[in-house]
**Student:** 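Dropping the structure in here first, questions after.
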Amino acid sequence: MYTIIDGRKTAAEIRKEIAGEVLKLKNEGKKIPHLAAILVGDDPSSQTYVANKVKDCEEVGFHSTLIRYEKDTPEAVLLEKIADLNNDSDIDGFIVQLPLPAHISENKVIESIDPSKDADGFHPVNLGRMVIGLPGFIPATPFGIIELIRRYQIETSGKKCVVLGRSNIVGRPVSILLSQKGMDATVTVAHSRTKNLPDIIKESDIVIAALGSPGFVKAGMVKEGAVIIDVGTTRIPAPGTKSGFRLSGDVDFENVAPRCSFITPVPGGVGPMTRVSLLRNTLLAAKMKR
Ligand code: GUN
């Protein structure tokens, strides 16, 4: 028998905890956390992500501000807005939704964010702090994955773990967190140039799939009793459905699940935890300011 890791339920529990903290701040006459989000362009996934982030803020009682720009907005305009937010004492934390249009340098944008307001934890200062185990903002998806592992009491110490994908947002940071003291996993980061990938997956106790390749991980690749964390969220056209698409993870869930001890579904696994992690970082940013 396998356990489906319920990210929706876990995220709802954490939102309740955060709402309780907001109430406490209110009762003490303190300022309520305020998150701003910048969205450039009209990428459908990004629009949904940002709308959900704003909705989450409302649910826990945070203030939120959504700032939208056309997709042809010059980089300088965006950098100027970021400088304003850095200097705005009412804003505790903010994010710039990625990906950005090709004419805007993502690195330049990330580096222009004040590290103390970097609710995404993407700034080199925060990534560096994470690497050497100092407190700070941890990128939302890795933070959410670690929290699921913790709350489901999944053993990581001494376990072989493979992370599929080496993105700055998910693969690389989660591989670092899992290898740190306290998590103590033995981690392999696999990517497009990795040789013998099926063999590496087959000997892994924990598989974190963050490729964006629908159904990539098949039942035959997986070790009996493995823990599977699926980060994939690819939109697949689904005519006749209300949205016109369905979300597909990187794991062939139906066939892989019976071989596992724990597995996250898509949707309803890692996604809700990513959202709630941003709230946790925003609360941390607000608390650090005081
Ligand atoms: N694009 C995909 N995931 C993320 C995220 O966690 N934060 C931001 N800002 N953009 C993203």
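Every number for a ligand or one of its atoms is a count from 1 in the order of the listing.
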**Student:** For ligand 1, find out whether one of its N or O atoms is nearer than 3.5 Å to an N or O atom of I95.
**Tutor:**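 No, I95 has no N/O under 3.5 Å of an N/O on ligand 1.
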**Student:** Do the side-chain N and O atoms of H34 and S64 include a donor-acceptor pair separated by under 3.5 angstrom?
**Tutor:**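 No.
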**Student:** Looking only at side chains, do T48 and R235 share a donor and an acceptor under 3.5 Å apart?
**Tutor:**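 Per modelled atom types, T48 and R235 side chains form a pair under 3.5 Å.
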**Student:** Between T264 and Y152, does any side-chain donor sit less than 3.5 Å from a side-chain acceptor?
**Tutor:**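 The criterion, which ignores hydrogens and geometry beyond distance, is not satisfied for Y152 and T264.
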**Student:** What protein heavy atom is closest to atom 9 (N) of ligand 1, reported as residue, atom name and distance in Å?
**Tutor:**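 Checked against all protein heavy atoms, atom 9 (N) of ligand 1 sits closest to D120 OD2, 2.6 Å.
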**Student:** Side chain, backbone, both or neither: which applies to L278 and ligand 1 if a contact is any heavy-atom pair less than 4.0 Å apart?
**Tutor:**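 Contact part for L278 vs ligand 1: neither.
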**Student:** With atoms numbered from 1 as shown, which atoms in ligand 1 lie under 4.0 angstrom from a non-hydrogen atom of F122?
**Tutor:**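 Counting atoms of ligand 1 from 1, those under 4.0 Å from F122 are 5 (C), 6 (O), 7 (N), 8 (C), 9 (N).
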**Student:** Heavy-atom count check: over 12 atoms from other residues, nucleotides or ligands less than 6.0 Å from E254 CD?
**Tutor:**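 No, not enclosed.
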**Student:** Of all residues at least two apart in sequence or in a different chain, which pass the salt bridge (charged side-chain N to carboxylate O under 4.0 Å, His left out) check with D92?
**Tutor:**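 If we apply the salt bridge (charged side-chain N to carboxylate O under 4.0 Å, His left out) test to D92, skipping adjacent residues, the hits are K31, K289.
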**Student:** Indicate whether the side chain of S116 and that of D114 have a donor and an acceptor atom separated by less than 3.5 Å.
**Tutor:**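 Checked: S116/D114 side chains pair up, N/O donor to acceptor below 3.5 Å.
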**Student:** Atom 11 (C) of ligand 1: which protein heavy atom is closest, and how many Å away?
**Tutor:**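 Residue, atom and distance for the closest contact: Q97 NE2, 3.2 Å.
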**Student:** So between L98, T274, V170, V231, whose heavy atom ends up nearest atom 10 (N) of ligand 1?
**Tutor:**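 Looking at heavy atoms only, L98 sits closest to atom 10 (N) of ligand 1.
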**Student:** Tell me whether ligand 1 is touched by R275 - counting only heavy atoms on the residue side and a distance under 4.0 Å.
**Tutor:**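 False for this residue.
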**Student:** Could you establish whether T141 and ligand 1 come within less than 4.0 Å of each other, counting only heavy atoms on the residue side?
**Tutor:**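 Under 4.0 Å: no for T141.
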